[in-house]
Protein chains: 4
Amino acid sequence: MSEHSLMVAMRDPKYTKELIDETALRLFVEKGIAETTIRDISSAAGIAEGTLYRHYVSKEHLAWELFSKNFTAFAVELDQLHRKHDTLKAKIDATIRHYCTFFDKDPILFSYLLLELHGQLRKVTPDMPNPVTVLRRFIGEGMARGEIPRKDREIAAAMVLGVVLHVAVSKVYGRTKQSLTALADSIVAAAWRVLEA
Amino acid sequence: MSEHSLMVAMRDPKYTKELIDETALRLFVEKGIAETTIRDISSAAGIAEGTLYRHYVSKEHLAWELFSKNFTAFAVELDQLHRKHDTLKAKIDATIRHYCTFFDKDPILFSYLLLELHGQLRKVTPDMPNPVTVLRRFIGEGMARGEIPRKDREIAAAMVLGVVLHVAVSKVYGRTKQSLTALADSIVAAAWRVLEA
Amino acid sequence: MSEHSLMVAMRDPKYTKELIDETALRLFVEKGIAETTIRDISSAAGIAEGTLYRHYVSKEHLAWELFSKNFTAFAVELDQLHRKHDTLKAKIDATIRHYCTFFDKDPILFSYLLLELHGQLRKVTPDMPNPVTVLRRFIGEGMARGEIPRKDREIAAAMVLGVVLHVAVSKVYGRTKQSLTALADSIVAAAWRVLEA
Amino acid sequence: MSEHSLMVAMRDPKYTKELIDETALRLFVEKGIAETTIRDISSAAGIAEGTLYRHYVSKEHLAWELFSKNFTAFAVELDQLHRKHDTLKAKIDATIRHYCTFFDKDPILFSYLLLELHGQLRKVTPDMPNPVTVLRRFIGEGMARGEIPRKDREIAAAMVLGVVLHVAVSKVYGRTKQSLTALADSIVAAAWRVLEA
DNA sequence: AATGAATGAGAGTTCATTCAT
DNA sequence: CATGAATGAACTCTCATTCAT
C-alpha cells in the first residue's frame, strides 16, 4: 500500500491523462466504446475509477474528446499540408502519404478515427475542421484549374477517400501485411486514376 | 384493452418477426446497437418486451442474425452474379450495379451491413460467404487471365470496394443527393481505372 | 427461487407501489432521506431495486411525491373542512382536531410531512394547496368578522400552527405519552387564547 | 500562483476555521447537510479540500460540532438568563426575547439549530444542556409556585416553544417581514396566554 | 497548516432477461 | 405466441477522505 501510494504521488499529472487516453483508445478500438467499461479502462491503466473523472466529466466526453481532438488536428494538418503544394497532383500525393504515415505511426488512433467515425459523427458540427471538407475543396479547385476532368466534387472526394481508407481497413483487419507507407505509391496512383477518369 | 388483445391475437406471427427486424434494423442504424434498448425496439414496434424473446434468444443474437443473414445472402448473390459473366470487366460492372441497386432498395439495411461491419466482424468466420472474398477471388482470376495488370489482389479488392462503399457512405451522410444507381456508371468507370493501373 | 418467483408473480401491482411508499416513508423518517439508500428501501420491502424504478423515476421523485401528494391532500382536506363551519372558533377547533386525528392515525406520515417540510419546501410552489395558506386565510376572515382582535394574520397563523405542531414534535421525540387526540382540547384552548390576545 | 500561496501563508489559522464554520453553516442551511459536499464548502471558502480536515476530522463532525456547540451554548445562556429572574412571567419574557435577539443577530445559525434539529437530534444525549429542558423546568417551577394553572409541563413547554419557533420559521421562509425583536412583545403575550390557559 | 491529485467504497440507476399469466 | 411486472447484475458516477508535497 505504501509502495502504491508512493507511485501515485510520484505520477506526473500530465502522464495520468496521457495514460488514460492511451488505454481508453486501445480498449475502445479493441472492444468498442459501449463494450468498454470505466473499470476496464481504469484497471488497465492502473488508476482508480475516480481518477478518470478528474480528467473527463464522463465516459462519453472521453470518447468524444479522443475523437474530436484528433479528428480536428488531422484535418488541420491536411489543410496546412495541401497549401504547401500548387498542383492537385502534388496535393493528392502529399495528402495520401500523410494518411499513410499517420496510420503507420499510430494505427490504433487511426483505427479509432476510422471506425468510430459513424458513432461520433452525429456530434461533428459542420464548422469543425474535417478531412473530407479539405479534400473536397482542393479537388474542386484542381478541377477549376483544369487539372482533371470536371465531375461531382463530392463523389470524387468520396472515391479518393474510399481508396485510401479501404486499404487502411484491409490492414486493420489484418488482411494486408505491408505497411501503408510501402503501399503509398500504388494508392496515390489509383487515386489519381480515379480523378483523371 | 380487449380490442388491443384482439389485434395482438390477430397478428400474423410471421409479421411480428418482420416487424421486429425492421424496427430493430432502423434503430440500430439510427442510434447504434448498444444505444438501442429492447424497450426502444418493442415500443417502436408496438409489441411487448417479452415478445422479442419469442423470436430471438437475445439482443445480441438479433443484431448478429440481422447482420449475418443479410451479409451472407448478399455475398451469395454476388457469387452467383459474377458467375453469369465471363470477363472481369463484366463481373465488376455487374457487382457494382448490384451494390448500387441494393443500396437504393434498402438503404437502412445497407447502412447496417456497412456501418456495423466492424462491430460484428469479430464474429465473421473465414468460412462464411463474404463479399470481400468473392471480389478478391474474381479479381485475382481476371489478373490470371491477363485482363488487368498483376498486383496485390487484396489491395485491388480493397480499393474497388473503397470506391463503391465510400460513395455509399457519402450518401448515408446526406452529402450526395443522387441515387447510387444513377451514379453506377461513374463508379464502375472509376473502379475499372483503379484496376487498370 | 421458484417460491420467490411465485410470490413475485402473485403480488398485486397496486400493492407493490403501496409497499414501496410505506417502506420508504418509514425509512425516510427513521434515517432521513439522504441516509436511506435505494437498497435499504428495496430490501426492506422485499423487492428488487429495479422494481422501485417501475413506480418512481428516481429516489428524489419518490421523496417528493410522498411529500407533495400527502401535503396537498391534507391541505385540501383542511380547506374542505373549514368550509363546513361558520365561526373562526369552530374552524380552529375542527382544524386542530383534524391535525390530531391525522397524527394519531398515521404518525409516520405526519412526521414525514413535519420533518421534511424544510427539505422539500424548496419545491413547493405558491399555487400548491398549502395548510398554512388555508389557515391564514380563514383566520384573516375571522378577524374581518370581528371574532378576534385584529393582528398580523401571518403571525397569528404561525403561532397557532406552532402550538399544534410543537406538541406533535414533542410526541415524535417521545417526550409526550398521550395521544394527540387526547390532547386536542387543551391544544384548541391554547390556540384560541393565542388568537384572542 | 505565488501571490496566492502568499495569501495562504498569511492567513490567520484562527480565521481559516471561522471561515469554514461560516461557509459550511450557510451552505448546510441553504442546501442541507447531505447535499453540501466538501468541495462546495472548500471552494466557497476559497481553501483546499484537504484543509478542512486540518480542522475537523470529518464532515459529520463538522456538522455535529456546528450544531452541538451552538445548541449547548444557547441552552447554557438560557439557563443562566432565567436564573436572573424570579417570576415565571419574567423568565418567559427574558427567554423569548433572547430567542428573538439570537435570531436577528444570526438568522443562519438560528435556522441551522432549528432546521437541523431533527437530523442531529439522534445524537443529542439527555445529559447535554438543552433549551427544551431548561424551559420545561422553569415552567414547572412556576406552576409549583402557583403562577399559572397546573398542567402537563412538557406540553406547556412545547406550546410556548412552538409559538416562538414557528414565528421564526415564518420569518425563515420569508413570509414575515418584521424582525423577531420587533415581534417580541406579541410573542411574549401569546406565550403567556398559552401558559395561563 | 495548506494543498489537491488520487483513491475506492458505495450510491443511484439501467436494462437484458425471465416467467406466471 | 404475447404480455409486462419483476429481477438483479453490472454500470456510471460521486464524494468523503488520504497523504506526499
Give a yes or no on whether the backbone of [Y] and the side-chain of [X] come within a donor-acceptor separation of less than 3.5 Å.
X        : Y       : result
A:Lys59  : A:Ile33 : yes
D:Thr72  : D:Lys69 : no
A:Asp21  : A:Glu18 : no
B:Tyr112 : B:Ala63 : yes

Between atom [atom1] in [X] and atom [atom2] in [N], what is the gap in whole Å?
X       : N      : atom1 : atom2 : result
D:Tyr53 : F:dC15 : OH    : P     : 12 Å
A:Ile20 : E:dT7  : CD1   : C1'   : 13 Å
A:Lys17 : E:dA6  : NZ    : C1'   : 16 Å
A:Leu62 : F:dC13 : CG    : P     : 10 Å
A:Tyr15 : E:dA6  : OH    : C1'   : 16 Å
A:Leu52 : F:dT14 : CG    : P     : 12 Å
A:Ile47 : E:dG8  : CD1   : C1'   : 12 Å
D:Lys59 : F:dC15 : NZ    : P     : 8 Å

Stepwise side-chain contact (heavy atoms from CB on, under 4.5 Å) check, D:Leu62 with D:Ile41: CA-CA 11 Å; D:Leu62 167 58; D:Ile41 299 169; 4.1 Å; yes
Evaluate whether atom CD of B:Glu30 has more than 12 neighbouring non-hydrogen atoms of other residues, nucleotides or ligands under 6.0 angstrom away. yes
Neighbour count >12 (heavy atoms, 6.0 Å) for atom CD, A:Glu60: no
Establish, with yes or no, whether the OP1 or OP2 oxygen of [N] is under 4.0 angstrom from a side-chain nitrogen or oxygen of [X].
X       : N     : answer
C:Thr51 : F:dA5 : no
A:His55 : E:dA5 : no
C:Thr16 : F:dA6 : yes
A:Arg54 : E:dA6 : no

Which nucleotide in E:dT3, F:dT17, E:dG8 has an atom nearest any side-chain atom of D:Ser58: F:dT17
Minimal non-hydrogen separation, B:Leu66 against B:Leu25, with atom names: CG-CD1, 3.9 Å
Closest approach of A:Leu27 to A:Thr36 (non-hydrogen atoms, all atoms of both residues): O-OG1, 3.2 Å
For DNA chain E, which residues of residues 23-43 of chain D approach it to below 4.0 angstrom with any heavy atom? none
Which stems does DNA chain E form, counting runs of 3 or more consecutive Watson-Crick or G-U wobble pairs with both distances under 3.5 Å? E:2-21 with F:2-21
Would you say the base of F:dC13 and the side-chain of A:Glu49 have a donor-acceptor pair closer than 3.5 Å? yes
